[in-house]
Amino acid sequence: MLKNNLITSEPIIFLYSIIYFINLSILPQLVLQKVCLEKYDDGLHGNGTTSSSLCEEKSSTVITADMQKESSHWCFAILASSQIPSILTVLIWGPISDVIGRKKAILLVPIMSILQNIIFLLCSYYMNSSIIYLCVGMFLACIFGEFPGVLALSYGFIADVTTGRKEKSRTSRMALVDFAGNLAGLPAGLFAGQLLKHLGFTAVFGLSIGINLIILLYIIFLLPEELYNS
């Protein structure tokens, strides 16, 4: 357990934000490549070029306006599959965490996110698989309220550890949670782009799984227990 509860949920929101922004920047590219492969099917296309290498070029002669339009529709469906249900789940997780405890509630975040990114990794490895599986993967995030749900649970932890004499630090601690989430955005997107360029989609989602494992271990071994009983 961390001494004096100086740090609680800040590392969780920082690391989860990295995963969130990585997926947000990489999934549209995965969808576009899957749509392209679906249109060109398998086989050779002049000079011995395969469908996969043809779609990886992402040139205007390969990626048509219709493909981009279809990809946009799929991206909307993928985001909606988690964002819309999250409107309900984010509202109920606060009361639930009051009953079962913050630590038990927040354990669900890395567990479901690991399952989600395993689905993304399999979809990127089997490029001819249906895009609908990406929607299934995103739907798993709605169980814990997606990004707003993680924020709400993080704020709950801060509220718990800033009681009594520490109450004066509550506002600054909550601001630190916001800062930790926003800080991860830009470097996560840039790093994910470079990783995708050199190692491919599977490496990116493998990284997300690894970060989730770090979050899981942090929650189990370092995150303080809830400070009160319901």
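All values reported here derive from a predicted model rather than from experimental measurement. We number each residue from 1, following the sequence as shown.
Between Met67 and Leu32, the shortest heavy-atom contact is O-CD1, 4.2 Å. Across all their heavy atoms, Val161 and Thr8 have their closest contact at CG1-CG2, 3.7 Å. Considering all non-hydrogen atoms of both residues, Phe157 and Lys103 come closest at CZ-N, 3.5 Å. In this structure, Phe144 and Ser113 approach most closely via the heavy-atom pair CE2-N, 4.3 Å. Looking at every heavy atom in both residues, Pro148 comes nearest to Gly145 through CD-O, 3.4 Å. Across Val177 and Ser9, no two heavy atoms sit closer than the pair CG2-OG, 4.2 Å.
When the side chains of ILVMFWY residues are joined at heavy-atom separations under 4.5 Å, either directly or via intervening members, Ile96 and Leu88 end up in two distinct hydrophobic clusters. Grouping the Ile, Leu, Val, Met, Phe, Trp and Tyr side chains by contacts below 4.5 angstrom, directly or via other members, places Val109 apart from Ile87.
At least one side-chain heavy atom of Cys123 sits under 4.5 Å from a side-chain heavy atom of Ile119. The shortest distance between side-chain heavy atoms of Leu153 and Val150 does not fall below 4.5 Å. The side-chain heavy atoms of Leu27 and Met138, taken from C-beta on, include a pair separated by under 4.5 Å. Between Ile131 and Ile78, the closest side-chain pair of non-hydrogen atoms falls below 4.5 Å.
Counting only distance, with no hydrogens or angles, the side chain of Thr162 and the backbone of Arg170 share no donor-acceptor pair below 3.5 Å. Lys69 places no side-chain N or O within 3.5 Å of a backbone atom of Thr64 that could act as its donor or acceptor partner.
Residue pairs meeting the side-chain hydrogen bond (donor to acceptor under 3.5 Å, both in side chains) criterion with at least one member in residues 184-208, sequence neighbours excluded, do not occur. Screening residues 78-92 for side-chain hydrogen bond (donor to acceptor under 3.5 Å, both in side chains) gives no qualifying pairs among residues at least two apart or on separate chains. Sorted by first and then second residue, the ring pair (Phe, Tyr, Trp, His ring centres under 6.0 Å) pairs involving residues 62-107 (not counting sequence neighbours) form an empty list. Legend: ring pair (Phe, Tyr, Trp, His ring centres under 6.0 Å) pairs involving residues 104-130, not counting sequence neighbours, sorted by first then second residue: Phe120-Phe205. Screening residues 174-189 for side-chain hydrogen bond (donor to acceptor under 3.5 Å, both in side chains), with sequence neighbours left out, gives Tyr155-Asp178.
Atom CD1 in Ile132 sits 4.5 Å away from atom SG in Cys135 (nearest 0.5 Å). To the nearest 0.5 Å, atom CG of residue Leu134 and atom CG of residue Leu30 are 5.5 Å apart. In this structure, Leu196 CG and Gln29 CD are separated by 5.0 Å, a value rounded to the nearest 0.5 Å. Rounded to the nearest 0.5 Å, atoms CZ (Phe179) and CD (Glu10) are 12.0 Å apart. A distance of 11.5 Å separates CD1 in Ile106 from CG in Leu216, rounded to the nearest 0.5 Å. Rounded to the nearest 0.5 Å, atoms CD1 (Ile219) and CG (Leu108) are 9.5 Å apart.
Residues that satisfy the side chain to side chain donor-acceptor pair (under 3.5 Å) test with Ser72, not counting sequence neighbours, are absent from this structure. Applying the ring-ring contact (aromatic ring centres under 6.0 Å, His included) rule to Phe139 yields no partners; only residues at least two apart in sequence or on another chain are considered. In terms of the side-chain contact (heavy atoms from CB on, under 4.5 Å) criterion, residue partners of Ile84 (sequence neighbours excluded) are, by chain and number, Ala80. Shown here are the side chain to side chain donor-acceptor pair (under 3.5 Å) partners of Glu70, two or more places apart in sequence or in another chain: Lys39. Under the rule for a side-chain contact (heavy atoms from CB on, under 4.5 Å), the partners of Ile118 that lie at least two apart in sequence or sit in another chain are Ile114, Leu122, Ile209.
In the hydrophobic clustering, where aliphatic and aromatic side chains (Ile, Leu, Val, Met, Phe, Trp, Tyr) are joined below 4.5 Å either directly or transitively, Leu91 groups with Val90.
A donor and an acceptor atom, one from each side chain of Ser129 and Lys34, are located under 3.5 Å apart.
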Which atom pairs, donor and acceptor, lie under 3.5 Å between side-chain atoms of residues 17-24 and protein residues at least two apart or in another chain?
residue: Ser17; atom: OG; partner: Ile13; partner atom: O; Å: 2.6
residue: Ser17; atom: OG; partner: Gly181; partner atom: O; Å: 3.4
residue: Asn23; atom: ND2; partner: Asn117; partner atom: OD1; Å: 3.3

